[in-house]
Amino acid sequence: MVLNQNNSLGLEFKHLTKAVYLICINNNIDTAILSIKEEHFKLYSKFGGGELLRRVESYGNLDQTSLVLSWDPYQISTFFKKAFLNQKR
């Protein structure tokens, strides 16, 4: 769970995202499946290696649109390298 922040990428989110990436890379996992709020898709689409699998209008008591994505951590973008791995290139 990550606190909702509107002004920038919070440290909790950065650490969680980097941890998921490292777990995948260190264990030769080439696909992660995640569910996000539709409003966060623009950010996640900048990670590289993502594919939209399904749009879910609502689920149980959740009255919001969610997206199910697959993510290949071996296909990360320059944005991801800079924002999460502190790499220049």
Side-chain angles (χ1 to χ4, degrees):
M1 212 59 177
V2 177
L3 295 175
N4 189 13
Q5 295 185 344
N6 294 325
N7 54 354
S8 67
L9 295 177
L11 279 179
E12 292 172 338
F13 179 73
K14 284 185 175 184
H15 290 312
L16 177 63
T17 303
K18 183 178 179 179
V20 170
Y21 167 79
L22 292 173
I23 288 168
C24 290
I25 295 300
N26 291 331
N27 292 286
N28 297 316
I29 298 169
D30 63 3
T31 304
I33 305 296
L34 47 140
S35 178
I36 62 169
K37 290 182 180 180
E38 185 174 41
E39 65 197 55
H40 296 152
F41 182 71
K42 185 175 179 179
L43 171 63
Y44 281 85
S45 67
K46 294 179 182 181
F47 287 9
E51 179 182 346
L52 176 61
L53 300 177
R54 182 166 298 207
R55 185 173 192 261
V56 180
E57 294 296 328
S58 64
Y59 180 78
N61 293 330
L62 293 176
D63 189 25
Q64 68 181 20
T65 301
S66 300
L67 303 176
V68 179
L69 309 174
S70 68
W71 181 49
D72 180 348
Y74 292 96
Q75 301 298 318
I76 59 171
S77 66
T78 302
F79 167 80
F80 188 91
K81 291 175 184 176
K82 287 179 183 178
F84 298 97
L85 304 178
N86 298 321
Q87 294 179 4
K88 301 282 186 220
R89 291 181 161 220

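All heavy atoms count here, side chains included; hydrogens, waters and symmetry mates do not.
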**Student:** With no hydrogens and no angle check, is any side-chain donor or acceptor of S45 less than 3.5 Å from a backbone partner on K42?
**Tutor:** yes

**Student:** Rounded to the nearest 0.5 Å, what separates atom CD in E51 from atom CG in L69?
**Tutor:** 9.5 Å

**Student:** Are I76 and I25 in one and the same hydrophobic cluster, where Ile, Leu, Val, Met, Phe, Trp and Tyr link if side-chain heavy atoms are under 4.5 Å apart?
**Tutor:** yes

**Student:** Can you tell me how far apart CZ (R55) and CD (E38) are? Round to the nearest 0.5 Å.
**Tutor:** 4.0 Å

**Student:** For the hydrophobic clusters of this structure (ILVMFWY residues joined by side-chain heavy atoms under 4.5 Å, transitively), does one cluster hold both L16 and I29?
**Tutor:** no

**Student:** S66 side chain to V56 main-chain N or O, any donor-acceptor pair under 3.5 Å?
**Tutor:**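 Side chain of S66 to backbone of V56: no pair is present.
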
**Student:** Report whether Y21 and I23 are members of the same hydrophobic cluster (ILVMFWY, side-chain heavy atoms less than 4.5 Å apart, transitive linking).
**Tutor:**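 No, no single cluster joins them.
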
**Student:** Which atoms form the tightest heavy-atom contact between L53 and I33, and what is the distance?
**Tutor:** CD1-CD1, 4.0 Å

**Student:** Is there side-chain contact between I36 and L43, with heavy atoms separated by less than 4.5 Å?
**Tutor:**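 A side-chain contact is absent here, since even the closest heavy-atom pair is not under 4.5 Å.
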
**Student:** If you look at every heavy atom in K18 and F84, which pair is closest and at what distance?
**Tutor:**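 Looks like CD-O, 3.4 Å.
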
**Student:** Quick one: OG on S35 to CG on L67, what's the gap to the nearest 0.5 Å?
**Tutor:** 7.5 Å

**Student:** Check P73 against T31 and note the closest heavy-atom contact, atom names and distance.
**Tutor:**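 Minimum heavy-atom separation between P73 and T31: CD-N, 4.3 Å.
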
**Student:** Could you tell me the separation between the CG atom of N86 and the NZ atom of K14, rounded to the nearest 0.5 Å?
**Tutor:**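 Here the interatomic distance stands at 7.0 Å.
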
**Student:** Verify the neighbour count for atom CG of N26: are there more than 12 heavy atoms of other residues, nucleotides or ligands below 6.0 Å?
**Tutor:**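 More than 12 heavy atoms, drawn from other residues, nucleotides or ligands, come within 6.0 Å of this atom.
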
**Student:** Going through the distances and angles, do Y44 and F47 end up as a ring-ring contact (aromatic ring centres under 6.0 Å, His included)?
**Tutor:** CA-CA 5 Å; Y44 281 85; F47 287 9; 5.0 Å; yes

**Student:** Checking W71 side chain against G48 main chain: does a donor-acceptor pair fall under 3.5 Å?
**Tutor:**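 Yes, W71 side chain to G48 backbone: donor-acceptor pair under 3.5 Å.
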
**Student:** Distance check, rounded to the nearest 0.5 Å: H40 atom NE2 versus F13 atom CZ?
**Tutor:**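 Reported to 0.5 Å precision, the distance equals 8.0 Å.
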
